[in-house]
Amino acid sequence: MRGNIRRLLAGTALAAALLSGNAALAQVQARSEQAVKVAGKTVKVQAEVGLVPVASKPGKQDATAGYVSYTGPARADRPVLFIFNGGPGAASAYLNMGALGPMRAQVPQDPAAPLPDQASVSANPATLLDLADLVFLDPPGTGFSSFAEDADRSVYQSVKGDADAVAQLAQAWLAAHGRTGAPLYILGESYGTIRAAAMVEALRLRDPALQVRGVLLLGQALNMIETSQRPDNVITYPISLPTLAAIACYHHKRPAACDPAASAAEATAFGPVYLNALFRGAALDAATRAEITTKLEDLTGIPRAYYLSHDLRISKEQFRTELLRTEGKVLGRYDARYTAPRPANAGEIVGPDAFSAVSDLYGKAVLGELKRIGVADPSAYKVIARFPGDWAYGAGDSPFNDWPFMAQLEKNMADNPRMRLFVGTGLFDLTTTVGAADYLFAQSALPAERYRNARYPAGHVAYSDDASWQKLVADIRAFLIAGAAQ
């Protein structure tokens, strides 16, 4: 084990700490003092970039995990907000540079506008640093982190192992910065929402005294069956319908003047009727089938003939390729306000996503932020890491298994009455839809005062839209303030 760590961290302060038996210390790669202006006030902040050793099992430290943290005035009750993106294999660059960090990359607000090679970056007037410490976490393999040659990838490439590695990182950061008694919040985006739910349990197992007060999920994927939209799971089609209606309205494919949010609400109201028709299947009479397809065409802009020939169904991916077919365009998967030219050989599934170039701007911008903090050469920072092999979600191959990520979170919330849940979803997100978020809570036993279910007029990366970003950060601020008042 010691030889593995020497190869992984040779010549670093962290290697010396590990070999002396003190594994709580982090290798600080850069640190600088900054002044951040929030709401007319100046807050002194210490920015830090570092690595922490993590273990795939007790006694085998075979990887590192990274962080970019911003800490403000020392105060025992000052919250610590741990933040990460998803992937799996994504660093925390997007949430840092797009939403919550002290600097923010500006992207064009018109989805039809050409994108620059580099986004302009300026001070973020809505950062939460007046209220909380922000710690952006990079799981093993992302950012500056790495694996030893003999690292157990099967552990790190699993929901449980990935969450435990990030929990080790968070625990080490808290110990190194004297914040183990602070109120803690965990914010994950996309796959990071699954990591966040699993991380709560991992932290509880590692240190039950840690005070996790809240979990925030952006583009939640806890109910993966609905998110992945299995073809024969009929509930998935009414669940996705509000998103399809909102998108059809946005692209002027509904027959009358409409509002996207109102269209989504209309589709939600139609959901039970639609679900009943899908459940009846071949037994559905012709007259009712005609009524259903007429309403579906009205809501989604997809012709009745398509629904009749596809058993009253259209998947989210098929919708991407069908809505603007006559215009030669394909919708964005992560933000359907964006479009791309339809490839000549396009079938019912199209690979490249029209929104990806926007995400790339945040990935490029983080390199400048790392340099600003003091990293001499940030070029080695991996915004996206590609892992070999499969990712283990924990349910195995049996068709009888489930992915109980929400149930695990609910159990921890039942044991911790001060913990609350926030879910934010973009109205034009064709991946993790508003209907899936609504269904998550419809099937939950959580009382209404323990959670918040918010929507934003944007896509999966809701903060790319300035109006949505402002509302989102204000909602997160209010969530943190409410937690302090408990």
Side-chain angles (χ1 to χ4, degrees), residues 1 4-5 7-9 14 18 23-24 26 51-67 82-92 135-175 184 186-208 210 212 215 217 220-222 224 228 382 384-398 401-409 411-412:
M1 187 269 292
N4 294 336
I5 293 296
R7 288 194 298 272
L8 184 65
L9 301 164
L14 179 55
L18 287 172
L51 287 171
V52 166
V54 294
S56 58
K57 63 181 180 181
K60 186 177 182 180
Q61 290 173 328
D62 50 1
T64 56
Y67 66 87
F82 290 112
I83 305 161
F84 39 76
N85 281 92
S92 57
V135 188
F136 296 89
L137 304 182
D138 295 332
T142 69
F144 289 124
S145 69
S146 58
F147 296 103
E149 291 177 7
D150 65 344
D152 191 339
R153 294 292 194 104
S154 66
V155 171
Y156 293 114
Q157 289 179 210
S158 70
V159 169
K160 184 176 181 180
D162 168 79
D164 184 62
V166 176
Q168 292 177 57
L169 168 58
Q171 188 180 24
W173 188 94
L174 291 167
L184 307 181
I186 300 170
L187 187 155
E189 183 178 47
S190 195
Y191 171 79
T193 63
I194 295 174
R195 178 186 295 128
M199 182 181 170
V200 172
E201 174 69 4
L203 283 174
R204 184 190 68 80
L205 292 173
R206 290 193 163 273
D207 186 354
L210 293 176
V212 180
V215 176
L217 310 177
Q220 72 82 28
L222 299 192
M224 281 188 62
S228 60
K382 299 177 290 293
I384 293 290
R386 304 298 179 190
F387 298 143
D390 296 326
W391 193 269
Y393 284 85
D397 295 328
S398 169
N401 284 336
D402 194 8
W403 290 268
F405 305 122
M406 183 60 171
Q408 185 180 61
L409 183 57
K411 179 181 181 300
N412 276 286

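Quick note: numbers below take in every heavy atom, side chains included, and nothing from hydrogens, waters or symmetry partners.
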Practice prompt. Assess whether side chain to side chain contact (heavy atoms under 4.5 Å, CB included) is satisfied between Asn85 and Phe136, documenting all intermediate values.
Written response: CA-CA 9 Å; Asn85 281 92; Phe136 296 89; over 6 Å; no
Discussion item. Assess the residue pair Tyr67 and Val52 against the criterion (side chain to side chain contact (heavy atoms under 4.5 Å, CB included)); give the C-alpha distance rounded to whole Å, side-chain angles, the decisive distance to 0.1 Å, and a yes or no.
Written reply: CA-CA 8 Å; Tyr67 66 87; Val52 166; 4.2 Å; yes
Worksheet item: Does the pair Val212 and Phe82 meet the rule for a side chain to side chain contact (heavy atoms under 4.5 Å, CB included), with working shown?
Response: CA-CA 11 Å; Val212 180; Phe82 290 112; over 6 Å; no
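- Residues that satisfy the salt bridge (Lys or Arg N to Asp or Glu O under 4.0 Å) test with Lys411, not counting sequence neighbours, are Asp415.
- In terms of the side chain to side chain contact (heavy atoms under 4.5 Å, CB included) criterion, residue partners of Asp138 (sequence neighbours excluded) are, by chain and number, Ala91, Ser92, Thr142, Tyr381.
- When all heavy atoms of Gly161 and Ser158 are compared, the pair lying nearest together is N-OG, 3.0 Å.
- For the residue pair Gln408 and Ala197, the shortest heavy atom distance occurs at OE1-O, 3.6 Å.
- Taking both residues in full, the closest heavy atoms of Gly66 and Leu51 are given as CA-CD2, 3.8 Å, listed atom of the first, atom of the second, then distance.
- Considering only residues two or more places apart in sequence or on other chains, Tyr156 meets the ring-ring contact (aromatic ring centres under 6.0 Å, His included) condition with Phe147.
- To the nearest 0.5 Å, the span separating NZ on Lys60 from CG on Asp150 amounts to 4.5 Å.
- Smallest separation of non-hydrogen atoms from Pro388 and Arg153: CD-NH1, 3.4 Å.
- Among all heavy-atom pairs drawn from Leu137 and Ala170, the shortest one is CD1-CB, 4.5 Å.
- Remark: the backbone N or O of Ala392 is not paired with any side-chain donor or acceptor of Lys160 at under 3.5 angstrom.
- Partners of Glu201 according to the side-chain hydrogen bond (donor to acceptor under 3.5 Å, both in side chains) rule, which considers only residues two or more places apart in sequence or in another chain, are Arg204, Asn412.
- Rounded to the nearest 0.5 Å, atoms CD (Glu189) and CZ (Arg195) are 11.5 Å apart.
- Contacts of Pro58 classified as side chain to side chain contact (heavy atoms under 4.5 Å, CB included), with partners at least two apart in sequence or in another chain: none.
- The two residues Ala151 and Asp62 come nearest to each other via the heavy atoms CB-O, 3.3 Å.
- Scored by the side chain to side chain contact (heavy atoms under 4.5 Å, CB included) test, Ala65 finds Val54, Pro140, Leu169 as partners (sequence neighbours excluded).
- Every residue two or more places apart in sequence or in another chain that forms a side chain to side chain contact (heavy atoms under 4.5 Å, CB included) with Val159 is listed here: Tyr191, Ile194, Ala198, Trp391, Tyr393, Phe405.
- Here CG of Leu409 is found 7.0 Å from CG of Leu217. Values are rounded to the nearest 0.5 Å.
- For Gln220, the side-chain hydrogen bond (donor to acceptor under 3.5 Å, both in side chains) partners are Asn223, not counting sequence neighbours.
- Residues meeting the side-chain hydrogen bond (donor to acceptor under 3.5 Å, both in side chains) test with Asp207, sequence neighbours left out: none.
- Remark: Ser190 engages His460 in a side-chain hydrogen bond (donor to acceptor under 3.5 Å, both in side chains) (not counting sequence neighbours).
- Between Ser56 atom OG and Gln168 atom CD the span is 8.5 Å, to the nearest 0.5 Å.
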